[in-house]
K.L.:
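Structure provided below as structure tokens; questions to follow.
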There are 2 protein chains.
Amino acid sequence: MSTEFTISDLSAEFDITTRTIRFYEEKGLLAPRRKGSARIYSPADRARLKLILRGKRLGFTLDESRSIIEMYDPAHGNRDQLHSLLTKIREKQDHLKQQLHDIEGMMLDLQDAEEKCLDALDGADGTD
Amino acid sequence: MSTEFTISDLSAEFDITTRTIRFYEEKGLLAPRRKGSARIYSPADRARLKLILRGKRLGFTLDESRSIIEMYDPAHGNRDQLHSLLTKIREKQDHLKQQLHDIEGMMLDLQDAEEKCLDALDGADGTD
DNA sequence: ATCGAGATTGACGTTAACGTCAACGTTATC
DNA sequence: GATAACGTTGACGTTAACGTCAATCTCGAT
């Protein structure tokens, strides 16, 4: 069945070590249930892991990823807490917009470099 | 004149420490000219620094940023080198595409979280 | 001459995010 | 019931990217 996963299932699927997964747990990013001493991961745990790895690909620290993940779960606070949550959400959105901008710029630069590279290859065509 | 910069000029402009700038030099990412023992940065040096910081915002390591920056300068190699450069350029493009995809996903998640948050604030309107 | 503001070179300290053992428990299978 | 395959908890090691001194230099203003 696909409703439960061992630590090595996940490490194989996402190509990370079991040490890494345990490390995320130490840091409070995961909390799988136990069967004896062994860890059993639910689909929800697996989804959290995916979010962590996505954060990693975007250069977020684990602390940042944790706080981002916490933004996704049900509202559990009073007005003040909700307001500060909203602020944090918008800060992350701004961060992502900056990243989008940076990616655009770098994409253009790389396209430029690619063209120059192709030109150089073209100009030297057969000239070896 | 704006044609030369001291290390503290740049540290002030980009809000980083001088130690950081010297560190980038140690790592071979910058090579300012010297006036006696003091470092003098040209607009080109400043541009390189901007590229480094952009890479940082996208989660690249300094090694990665260095190799990306090296992709931008004139073609200086033979066909084989140009081909491997082209390969590296396309790898970075793929990396950026993955990041774009990740950002899209996270944006959607955050919008979702934002709505839930607003709903919660709305539902509890005046209910304090 | 000196004095303070900014520069330079070491050299050691720090944090995040794991890697790398070592020593031990748990199953299932032969 | 021994062995192999997988799991567990420490505990220490490692790398990147700086921070944090300390000692020295240099240079224009007083």
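The sequence lines fix the lettering, A, B, ..., with proteins before strands; numbering per chain opens at 1. As the structure is a prediction and not an experimental result, all values here were calculated from the model.
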K.L.:
Whole angstrom is fine here: how far is it from CZ in R22(B) over to P in dG19(D)?
P.N.:
11 Å

K.L.:
Are any of the side-chain nitrogens in E4(B) or R46(B) under 4.0 Å away from the carboxylate oxygens of its partner?
P.N.:
no

K.L.:
From CG of L62(B) over to P of dA17(D), roughly how many Å is that when rounded to an integer?
P.N.:
4 Å

K.L.:
Does a side-chain N or O of T6(B) approach OP1 or OP2 of dG6(C) to a distance below 4.0 Å, or not?
P.N.:
no

K.L.:
Counting just side-chain N and O atoms, does R39(B) come under 4.0 Å of either OP1 or OP2 of dA7(C)?
P.N.:
no

K.L.:
Taking only side-chain nitrogens and oxygens of T20(A), does any of them come within less than 4.0 Å of OP1 or OP2 of dG19(C)?
P.N.:
yes

K.L.:
Among Q98(B), M106(B), E104(B), which one satisfies side-chain contact (heavy atoms from CB on, under 4.5 Å) with D102(B)?
P.N.:
Q98(B)

K.L.:
dT26(C), OP1 or OP2 - any side-chain N/O from S37(A) closer than 4.0 Å?
P.N.:
no

K.L.:
Please give, in whole Å, the distance from dC25(D) P to R34(B) CZ?
P.N.:
16 Å

K.L.:
Figure out the CZ/P separation between F23(B) and dT15(D), and round it to whole Å.
P.N.:
14 Å

K.L.:
When we call it a touch if two heavy atoms are under 4.0 Å apart, what does K56(B) touch: a base, just sugar-phosphate, or nothing?
P.N.:
sugar-phosphate

K.L.:
Is any side-chain nitrogen or oxygen of T17(B) closer than 4.0 Å to OP1 or OP2 of dG19(D)?
P.N.:
yes

K.L.:
For Y24(B) and D9(A), take the nucleotide of DNA chain D holding the closest heavy atom to each; which residue's nucleotide lies nearer the 5' end?
P.N.:
D9(A)

K.L.:
Does a distance-only test, which skips hydrogens and angles, find a donor-acceptor pair under 3.5 Å between the side chain of R19(B) and the base of dT20(D)?
P.N.:
yes

K.L.:
Would you say Q93(B) and Q111(A) are linked by a side-chain donor-acceptor pair, where the criterion is simply a distance under 3.5 Å?
P.N.:
no

K.L.:
Flag the pair Y24(B) / L49(B) as yes when at least one side-chain heavy-atom distance between them is below 4.5 Å, and no otherwise.
P.N.:
yes

